[in-house]
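Here's the structure we're looking at; comments come further down.
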Amino acid sequence: MKLFKKQARLRRATKFRAKHAKKDIERLCIHKTAQHIYAQIISSCGTKILASASTLKSKLKNGGNVDAAAKVGEAIAKAATSAKVKKVAFDRSGFKYHGRVKALADAAREGGLDF
């Protein structure tokens with residue numbers, strides 16, 4: 001059952017990335033595990049990582065909750081502005097848009113990213 005759920009998530013991620021490949025815009029890609037959440041801004045060609053943030057870098061006590069995701073969202077927004085990136089496409093890697101994913105996205109928007 002878990003394998004089927006993961007396959008569905010990866011199918012959603014692949015579909016988004018195929019659509020995004022035609023556009024010439026950077027991508028804010030996230031990945032979450034039970035204990036941590038990661039965010040990267042990937043160049044439009046898909047070969048370079050322009051900025052990154054995670055709960056591992058910020059050394060939070062508990063990286064698997066909504067508060068930690070919001071802090072990662074703020075950190076990725078700061079890193080993006082220092083890399084001179086303002087407009088991105090939000091790649092949620094097939095994860096549902098709720099909980100930690102939503103908290104990260106909202107914090108990144110408040111930090112100045114446009115998506």
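Numbering of residues begins at 1 and proceeds along the displayed sequence.
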Within this structure, what is the NZ-CG distance for the pair Lys71 and Leu104, rounded to the nearest 0.5 Å?
13.5 Å
Taking every non-hydrogen atom, the tightest pair across Ala79 and Ser82
O-OG, 2.7 Å
To the nearest 0.5 Å, how far apart are NE2 in His31 and CG in Asp91?
12.0 Å
With a 4.5 Å cut-off on side-chain heavy-atom distances among I, L, V, M, F, W and Y, is there a chain of contacts connecting Phe16 to Val101?
no
Can you give me every donor-acceptor pair (side chain of residues 19-26, partner residue at least two apart or in another chain, under 3.5 Å) with its distance?
unit_1: His20; atom_1: NE2; unit_2: Ile25; atom_2: O; d: 3.1
unit_1: Asp24; atom_1: OD1; unit_2: Ser44; atom_2: OG; d: 2.9

Flag yes if Leu28 and Tyr38 sit in one hydrophobic cluster, no otherwise; membership is Ile, Leu, Val, Met, Phe, Trp, Tyr, and two members link when side-chain heavy atoms are under 4.5 Å apart.
no
Applying salt bridge (charged side-chain N to carboxylate O under 4.0 Å, His left out), can you list everything that pairs with Arg12, at least two apart in sequence or on another chain?
none
So OG of Ser54 and CD of Gln40: to nearest 0.5 Å the spacing works out to 9.0 Å
Where do Gln35 and Thr55 come nearest, in terms of heavy atoms and distance?
O-OG1, 4.3 Å
Check Cys29 against Ile42 and note the closest heavy-atom contact, atom names and distance.
CB-CD1, 3.9 Å
Hey, what do you get for CZ (Arg92) to CZ (Arg9), rounding to the nearest 0.5 Å?
10.5 Å
For the backbone of Ala13 and the side chain of Ser93, can you confirm whether one donor and one acceptor N or O come within less than 3.5 Å of each other?
no
Minimum heavy-atom distance Ile76-Gly73, with the two atoms named
CG2-O, 3.2 Å
Rounded to the nearest 0.5 Å, how far does CG of Asn62 lie from NE2 of His36?
9.0 Å
Residues 107-115 side chain polar contacts: donor-acceptor under 3.5 Å, at least two apart:
unit_1: Arg109; atom_1: NE; unit_2: Phe115; atom_2: O; d: 3.4
unit_1: Arg109; atom_1: NH1; unit_2: Tyr97; atom_2: OH; d: 3.3
unit_1: Arg109; atom_1: NH1; unit_2: Asp106; atom_2: OD1; d: 3.4

Might you point out which heavy atoms bring Ala103 and Val66 nearest each other, and give the distance in Å?
CB-CG1, 3.4 Å
If you compare all heavy atoms of Ala80 against all heavy atoms of Ile41, which two are closest, and at what distance to 0.1 Å?
CB-CD1, 3.3 Å
